[in-house]
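Here's the structure we're looking at; comments come further down.
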Amino acid sequence: MGDAGKLVYDFSEGSRDMRDLLGGKGANVAEMTRVLGPERVPAGFTITTEACVEYMNADRTEPEGLERQVDEALARLEDHTGKRFGDRVDPLLVSVRSGARESMPGMLDTVLNLGLNEGSVEGLIVATAGNERFAWDSYRRFVQMFGNVCRGVPGEEIEAAIKERKRAAGVSDDTELTVADLKALTGDFKALYRERTGEEFPQDPREQLRQAIRAVFDSWLGDRAVEYRRINRIPDEWGTAVNVQQMVFGNTGERSCSGVAFSRDEITGAPEPSGDFLLNAQGEDVVSGVRTPRDLAELREAMPEAHEQLMEILRTLESHYKDMQDTEFTVEDGHLYMLQTRGAKRPAQAAVRFAVDAVEEGLLQPEDALRTIDPDSLDALLHPTFGRDADYDVLARGVGASPGAAKGEIVFTADGAVEAAEAGREVVLVRPFTEADDVAGFFAARGIVTAEGGKASHAALVARGMGRPAVCGVGELEIDLGERCARVNGTVLNEGDLIALDGTLGVITTDDVPLVDPEVNENFETVLRWADEVRTLGVRTNADTPEDARRAREFGAEGIGLCRTEHMFMAADRQPKMRAMIMAESEDDRRAALAELLPHQQEDFEGLFEEMRGLPITIRLLDPPLHEFLPDLEEAAQEVERARIEQSADLDELEHTLERVHSLGETNPMLGTRGVRLGILHPEIYEMQVKAIVRAAAAVRERTGEAPHLEIMIPLVAYEKELATMRELVDRVFAEEGAEGLELSVGTMIELPRACFVADRIASVADFFSFGTNDLTQTALGFSRDDVERGFLSRYMERRIVDRSPFETIDRPGVGWLVRLAAWTGREAKPDLKLGICGEHGGDPESIEFFQMAGLDYVSCSPYRVPIARVAAARAAL
């Protein structure tokens, strides 16, 4: 926290330790000023996040004293620079930028060249030795940006005015417009401002600054920022800081430029710096994606001295922060200025490469290197790519802006991507260039393609942050948003057509390219080895097939935490036998049908046990209600009606099926006859499954000399007597089958609140608990997962009743407390009780941190989440 009542800090007063108060940008600019010196970092001041919070809490009213403190800071900045705000000879111009604690690229607002008016534009001409074109280019940019950001003048109207001026002038690039053109364009923008606001464009620089500060505060509450925070789990109550900084200009001529530079390659993590720049341009030109920039390597030829200085500064900053850096720079008439630095958002492959290289270079220790990796981002390393031998025709090439491959139907709008994803269709978002308002479409799409922009464009930054493959700057791509089509090299692409992209290679194609599953590379293996040395949580997998088990073991799974036996009955050759068992009128008939199922069940288990021999396997006995294996009631009724009309010989059988479906039907089957209740009513079902398990384990041991450690799990237990009854059954079958030498544990899935409250009683007859947090969340919150996610959950998140789905990340105060209670009381009764979790939360890094704290022994997740869980468990231990 800062000094009481102090809402404004000069850059010289801050440091990186003040991130919560000054925001990431303000804290880093202050730190960079200390490290590089004031000659490299333009001076300025930061309005704190506390000021923003006060503004929001006071219904968008500026805090008392803020205006006075801003005026005082502005006076100090004038004294430092020797320039005056609004001066007609040598005016001080400033940029006004946001700066949240966590980087939110493109989500919050920025205003450049603030302080220009009809008088100071003439002063800028004088101060730059008569550079009239530069002065009017800066003024038109300011009027354009101020109108859009501060007063909502639509961007498409502004772009239309620019296009019309270029058309009238017979030029194709903004830099070709003459001074007269720029004066006229500034007038066009002022007219748009007047039409939209009913006011004249403000000429008082202090009023301009006041409105710009409000606009940045307001942008924290904008739809795009709110959506970005929801997706990236950034708290609304943090607020944003506002940074007011002396302008330096990259658009004064050919000895000037603006750019973005990474201390290492932002795509691969290789130790060579990378980035983009544009000559005679301001920073917004580089990141907006409207102009395609040049590669940073070309700066060596264009401006050798500035390039050399920049390379040295990148090394200095990376060494100081001990992390890969993302910087913005401007060269003004040959002098290099650094405008900001931050930890670089990078895709998984770059994060892993940097971590390994940083340890090898002595920059970091392995534990520190693990902290630089976002476990969730590693998902991108575990997704498909184009196969090296894939045969496809490249339709066009662009900049490989975010790695990975994807394919799907073309959509041209963010809203279209969201609608398609909600309908279960895989889509690729294709845009001329993207803007902050497209963020929801990024989240919904499988991949992104843009006609313009480079590695530092909005599309590239957001795609990398979200782990979406992206190809940007596809120059041949002509997109007609009105007609919902695109043309490229003579090919017309309509909405709904298939497109595939490889964000590593930077190519797009209309061929249906097979996507190849990735392999864990040497760097990733190194990171996983570090993680395994640090973590205390075990990591298992949820697997029902040998293929899943094999893949999970390759990814480092230490066993199976959940094998759902019901999935084994879904195969086409099993369903008739399963239905015969359910349709049986007597126990004898049911046992006969089960005897036919037993060899299939045993065969399935043998494949699974062979892949996991020597490791623990938790097998959940049949859980779902029996009616799930029969036809749907409506479907069965239609079959009977059709048979009656056709006078089919199958009518009696179909009527019997319909009658059985009716008899098994329940008002709320998920809370009805399922799990342990099914085993108690029909013990012969569980007997068959246990026989299959024992025989399969014995067969695998005989073949390989090694069997898994068997953990038989009874689902949906609420009473200790339920588990005791089923344990007697399991022990009896084991003895009857002569299972000497096989390791056996019997436990239960904890998925009901009552089980959590009486965990000490249940523990008395259990060897282990496995928390089924999917159903525990449903039963604790009274939520039906599918209905909630289709229904009101999105509205709950919009209203901030919940900040995320409780099915994605554990609800710590509610469901999490039940887990802690059951873990604590269970171990009070039985200290050596093994505790695990096998719900979807087992692969979620934030939930894994909670399970570490709750004292669990292991987490279990889907095969492709196993590496993520290993790294997340290590970070949780650290």
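Asp376 is listed as a side-chain neighbour of Pro845, based on a closest heavy-atom distance under 4.5 Å. Looking at Glu711 and Ile617, their side chains never come closer than 4.5 Å, going by heavy atoms from C-beta outward. Annotation: side chain of Thr618 is in contact with side chain of Tyr858 (closest heavy-atom distance under 4.5 Å). For the pair Phe850/Arg820, a side-chain contact is recorded, criterion being any heavy-atom separation below 4.5 Å from C-beta on. The closest side-chain heavy-atom distance from Val352 to Gln349 is not below 4.5 Å. Contact check for Leu537 versus Asp857: no side-chain heavy atoms found under the 4.5 Å cut-off. A 4.5 Å side-chain heavy-atom check between Phe734 and Val694 finds at least one atom pair inside the cut-off. Side-chain contact between Asp502 and Pro469: absent, with no pair of heavy atoms (C-beta onward) separated by less than 4.5 Å.
Looking at Ser862 and Asn542, their side chains never bring a donor and an acceptor atom within 3.5 Å of each other. Under 3.5 Å, the side chains of Ser770 and Arg620 contain no donor-acceptor pair of N or O atoms. Side-chain contact check for Ser586 and Asp589: at least one donor-acceptor pair (N or O, by modelled atom type) lies under 3.5 Å.
Listed here is the closest heavy atom pair of Leu515 and Ala405: CD2-CB, 3.9 Å. In plain terms, the two heavy atoms of Arg551 and Pro863 that are nearest each other are CG-CB, 4.4 Å. In terms of heavy-atom proximity, Ala822 sits nearest to Phe771 at CB-CE2, 3.6 Å. Considering all non-hydrogen atoms of both residues, Arg754 and Ala718 come closest at NH1-O, 2.8 Å. A pairwise comparison of heavy atoms in Val513 and Ala390 identifies CG1-CB, 3.8 Å as the closest pair. Contact between Ala557 and Val866 at its shortest, heavy atoms only, is N-CG1, 3.7 Å.
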Step by step, work out the side chain to side chain contact (heavy atoms under 4.5 Å, CB included) result for Val527 and Val871.
CA-CA 8 Å; Val527 167; Val871 174; 4.1 Å; yes
How far apart are the C-alpha atoms of Arg865 and Asp548, what are their side-chain angles, what is the distance that settles it, and do they pass the salt bridge (Lys or Arg N to Asp or Glu O under 4.0 Å) test?
CA-CA 12 Å; Arg865 299 293 291 184; Asp548 283 348; over 6 Å; no
Show the numbers, then the answer: is there a salt bridge (Lys or Arg N to Asp or Glu O under 4.0 Å) between Asp623 and Arg564?
CA-CA 8 Å; Asp623 183 38; Arg564 292 157 289 214; over 6 Å; no
Would Glu722 and Tyr719 satisfy side chain to side chain contact (heavy atoms under 4.5 Å, CB included), going step by step from the backbone distance to the final call?
CA-CA 5 Å; Glu722 290 174 321; Tyr719 297 88; 3.9 Å; yes
Taking it one step at a time, do Leu723 and Val676 satisfy side chain to side chain contact (heavy atoms under 4.5 Å, CB included)?
CA-CA 8 Å; Leu723 182 58; Val676 68; over 6 Å; no
Audit row: Val758, Ile762, side chain to side chain contact (heavy atoms under 4.5 Å, CB included) steps and yes/no
CA-CA 7 Å; Val758 298; Ile762 295 173; 4.0 Å; yes
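The CG atom of Asp604 sits 11.5 Å away from atom CD1 of Ile693, with the distance rounded to the nearest 0.5 Å. Taking CG of Leu378 as the reference point, atom CZ of Arg870 lies at 11.0 Å (rounded to 0.5 Å). Here Leu716 contributes atom CG and Arg677 contributes atom CZ; the two are 4.5 Å apart, rounded to the nearest 0.5 Å. To the nearest 0.5 Å, atoms CD (Glu525) and CH2 (Trp530) are separated by 12.5 Å. Rounding to the nearest 0.5 Å gives a distance of 11.0 Å between CZ of Phe769 and CG of Leu856. Here Ile560 contributes atom CD1 and Arg540 contributes atom CZ; the two are 9.5 Å apart, rounded to the nearest 0.5 Å.
Remark: side-chain polar atoms of Thr779 are paired, donor with acceptor, to backbone N or O of Glu751 under 3.5 angstrom. Between the side chain of Thr541 and the backbone N or O of Ala543, no donor-acceptor pair lies under 3.5 Å. Looking at Arg827, its side chain does come within 3.5 Å of a backbone N or O of Gly855 through a donor-acceptor pair. Between the side chain of Ser648 and the main chain of Arg644, no donor-acceptor pair closer than 3.5 Å is present. Without hydrogens or angle criteria, Lys830 side chain to Ala766 main chain gives a donor-acceptor distance under 3.5 Å.
Within a 6.0 Å sphere centred on CG of Asp391, heavy atoms belonging to other residues, nucleotides or ligands number 12 at most. With a 6.0 Å radius and a threshold of 12 heavy atoms from other residues, nucleotides or ligands, Tyr392 has its OH atom above the threshold. Glu702 CD: 12 or fewer foreign heavy atoms inside a 6.0 Å radius.
Under the 4.0 Å criterion applied to side-chain N and carboxylate O atoms, Arg674 and Glu566 are not assigned as salt-bridge partners. Note on Arg553 versus Glu611: no salt bridge recorded, every NZ/NE/NH1/NH2 to OD/OE distance being 4.0 Å or above.
Judged as a side-chain hydrogen bond (donor to acceptor under 3.5 Å, both in side chains), the pairs with a partner in residues 684-693 (not counting sequence neighbours) are, in order, Thr565-Gln689, Arg590-Glu684, Arg591-Glu687, Gln601-Gln689, Glu687-Arg732.
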Please set out all donor-acceptor pairs under 3.5 angstrom arising from side-chain atoms of residues 738-749, sequence neighbours excluded.
residue: Glu743; atom: OE1; partner: His709; partner atom: ND1; Å: 3.4
residue: Ser745; atom: OG; partner: His709; partner atom: NE2; Å: 2.9
residue: Thr748; atom: OG1; partner: Ile714; partner atom: O; Å: 2.8

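Under the side-chain hydrogen bond (donor to acceptor under 3.5 Å, both in side chains) criterion, Glu610 pairs with Arg703, not counting sequence neighbours. With sequence neighbours left out, Asp844 forms a salt bridge (Lys or Arg N to Asp or Glu O under 4.0 Å) with Arg233. Legend: residues meeting side-chain hydrogen bond (donor to acceptor under 3.5 Å, both in side chains) with Thr536, ordered by chain and number and at least two apart, are Gln852. Among residues two or more places apart in sequence or in another chain, the salt bridge (Lys or Arg N to Asp or Glu O under 4.0 Å) test is passed with Arg727 by Asp731, Asp767.
Taking the six-membered ring where the residue is Trp, Phe807 and Phe783 present tilted rings, their angle falling between 30° and 60°.
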